[in-house]
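Shown next, in structure tokens, is the structure this report addresses.
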Amino acid sequence: MQVTEKTWGKLIEVDVLIMGTGAAGMGAALRAAGLGADVLMAGKGRLESSGCLGGGNDHYMCVLNTDAPFDTRQDFIEFYLKSTLGYTPGMLGEWFDALEPCLRILEEVGTEFRKNPDGSYYRSVGFGQPGAWWLHIANGQSIKRALAKKIRKAGVSVLDHFQITRLYRDGDRFSGCVGFNVLTGEVSAIRCRTGVMALGFQAVRATNNSTHNPYNVWFSPYNTGSYFVLPFDIGAAVMNVDIYNRATLLPKGWGAPGMNGINNMGGHELNALGERFMGKYDPMMENGKRRNQVAGTVQEQVEGNGPPFYMDMRHFKPEDADYLQNVLMPADKATYGDYRQARGIDFKKAPLEVEVSELSLAGFLHTDDRLETPVRGLYAACNFNTFSGSMSGGYASGRYAAETAHEAPMGQLDEADILAEKARILGPMQVGAQGAMSYDEFEEPIRQVMDYYAKFRRNMPGMELALDKLALIETYENRVRAENLHDLMRTHEAFELLQMCRLHLLACLQRRETGRGMYHLADYPALDPKLGKALVMRKVDNEVRYGWGVLPD
Ligand SMILES: Cc1cc2nc3c(=O)[nH]c(=O)nc-3n(C[C@H](O)[C@H](O)[C@H](O)COP(=O)(O)OP(=O)(O)OC[C@H]3O[C@@H](n4cnc5c(N)ncnc54)[C@H](O)[C@@H]3O)c2cc1C
């Protein structure tokens with residue numbers, strides 16, 4: 001890596017640029033560095049604690065290719081191919097092939113997987129999957145720090161606290177990015193031979209949960225859509241931003257779910273009338289698809305059967321209740337003990353009150369089987385979900401980014417573009433106090449619009465209106481004033497959130513059916529078998545184009 005001081009900031013040159021320092025970025029960095037590449041990871045937080053894994057994870061999904069039921073490569077590929085998300089066997093093969101190496105890395109850095117008395121992995125079935133694919137983790141809170149140590153030792157350069165605000169291409173190739181240090185305000189431009197996009201597939205803060213605190217949410221609240229909005233701007237295509245919205249059940253008022261452990265160990269969901277109702281919505285009851293549990297709970301709520309809703313674990317054996325309460329739940333987030341104490345929660349004595357979470361926006365980037373986007377040299381690391389999917393997606397894309405970097409030219413960045421982006425980045429710091437608004441005065445109306453017109457129950461005219469309202473909010477962009485660098489970071493996150501919501505609504509307006517996403521459309525209440533395809537969106541000549549299952553020209 002080379003760094004040159006310029007009048008406008010730093011120009012950094014590196015072979016492989018990994019954007020994002022979460023689980024996906026880490027998988028990519030370890031693989032690319034293992035192949036001898038010159039690698040830089042850049043991310044808004046600190047490598048040791050950033051992203052969803054920073055708080056902790058309690059399960060790792062891994063198909064081990066044993067003779068246990070549904071435990072082979074084919075079982076894994078067949079399961080994910082059934083979705084309409086547009087995966088190919090090639091992509092899923094990349095995920096599968098990375099599972100085992102990533103498991104070894106996790107063990108090497110000290111991740112404690114629960115074992116059976118015979119020394120084999122303890123595993124459970126989850127989320128409607130056919131096999132017992134979920135390994136349990138006891139020390140989830142420390143994984144990120146342990147992996148970070150390995151990455152720093154491997155000689156990977158790390159640019160912490162760096163918020164990426166724009167990507168660039170040089171002809172049809174990815175050439176680099178510009179961003180700023182959120183602690184010092186210094187602007188840097190990074191040029192590279194290849195890039196790995198690992199900015200997190202779940203965009204949060206689009207809607208509220210019952211706390212109306214946009215930072216007390218399921219996934220990392222600092223992702224507001226960079227994974228989609230930034231590549232989309234340079235001609236990469238996004239897909240599934242209509243149907244891959246995400247929600248879960250949360251312990252009431254506490255923004256981390258733990259639902260995998262609760263469901264796979266046999267928790268019963270009850271409505272306010274004390275009825276166990278999930279049989280109406282999924283043949284596997286609570287341990288079926290996450291979408292069905294959310295949709296089922298929302299439906300019960302619409303019918304007035306709740307809130308409150310509960311997860312009942314009173315029938316558990318004492319040692320199971322104890323394990324869930326004291327090992328798995330805190331492995332996801334350190335504050336579980338405080339929450340439990342404050343609410344007097346004891347799984348053996350009383351059911352746990354839960355609520356439907358905020359609705360997050362998510363999706364994929366369109367890629368070929370080698371995870372390369374239509375912008376050559378730019379690879380997608382966050383197209384597979386779960387901790388395992390992210391780390392594996394990174395691991396696979398890190399390989400291709402490193403291999404391609406050998407032949408790829410160094411990307412060129414135009415100094416005029418860098419200066420223009422610097423002015424845009426710092427613009428909110430120059431807005432005068434008169435008539436100004438803060439980033440949250442700008443952002444809160446976005447959630448209001450999405451909550452009101454585009455949450456779990458919606459219709460086409462409502463979504464059209466939501467787009468108009470977003471356009472109105474956007475006209476206030478030049479009045480947002482950042483008084484300090486923290487405000488500046490939040491301001492750019494908020495601007496991006498607006499673009500992410502727009503992408504989501506534009507995509508949803510194309511899909512005239514109900515049943516593949518988390519939401520119900522009143523004007524198209526049934527599934528349309530003809531729409532069993534991923535919707536791909538791309539910007540060409542400043543116009544958004546759509547393709548069903550194909551990349552639009
Ligand atoms: C509390 C919690 C518990 C969970 N438990 C489990 C579990 O037990 N098992 C499981 O399989 N999954 C679990 N998950 C989900 C799993 O952790 C995630 O799917 C996975 O870690 C996502 O990794 P990622 O790298 O794709 O994205 P992220 O972790 O979101 O990382 C994205 C990174 O990009 C950075 N970034 C974003 N935008 C920018 C920008 N513009 N500029 C610079 N940097 C930026 C972010 O700061 C972040 O570091 C859990 C999630 C949470 C939040």
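All ligand and atom numbering here is 1-based and tracks the order in the structure. For clarity, every value in this text was computed on a predicted model and none was experimentally measured.
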Are the side chains of Leu106 and Phe113 in contact, using a 4.5 Å heavy-atom criterion? yes
Set of residues satisfying ring-ring contact (aromatic ring centres under 6.0 Å, His included) with respect to Tyr439, sequence neighbours excluded: none
Quick one: are Ile446 and Leu470 in side-chain contact, heavy atoms under 4.5 Å? yes
Validation: residues 53-62 side-chain donor-acceptor distances under 3.5 Å, sequence neighbours left out:
from, atom 1, to, atom 2, distance (Å)
His59, NE2, Asn264, ND2, 3.3
Tyr60, OH, Leu99, O, 3.3

Of all residues at least two apart in sequence or in a different chain, which pass the ring-ring contact (aromatic ring centres under 6.0 Å, His included) check with Phe316? none
What are the distances between nitrogen or oxygen atoms of ligand 1 and protein nitrogen or oxygen atoms, counting only those under 3.5 Å?
from, atom 1, to, atom 2, distance (Å)
ligand 1, 5 (N), Asn57, ND2, 3.3
ligand 1, 5 (N), Asp332, OD1, 3.1
ligand 1, 8 (O), Asp58, N, 2.9
ligand 1, 8 (O), Asp58, OD1, 2.7
ligand 1, 8 (O), His59, N, 2.8
ligand 1, 8 (O), His59, O, 3.4
ligand 1, 9 (N), His59, O, 2.7
ligand 1, 11 (O), Phe387, N, 2.9
ligand 1, 12 (N), Asn57, OD1, 3.4
ligand 1, 12 (N), Phe387, N, 3.3
ligand 1, 17 (O), Asn57, OD1, 2.8
ligand 1, 17 (O), Asn57, ND2, 3.2
ligand 1, 23 (O), Ser390, OG, 3.3
ligand 1, 25 (O), Ala23, N, 3.0
ligand 1, 25 (O), Ala24, N, 2.8
ligand 1, 26 (O), Ser390, OG, 2.9
ligand 1, 29 (O), Cys52, N, 2.8
ligand 1, 30 (O), Asn223, ND2, 2.6
ligand 1, 38 (N), Ser226, OG, 3.3
ligand 1, 41 (N), Ile164, O, 3.0
ligand 1, 41 (N), Ser226, OG, 2.8
ligand 1, 42 (N), Ile164, N, 2.9
ligand 1, 44 (N), Lys44, N, 3.0
ligand 1, 49 (O), Ser50, OG, 3.4
ligand 1, 49 (O), Gly51, N, 3.4

Cation over ring, Arg114 on Tyr323, under 6.0 Å and within 45°? yes
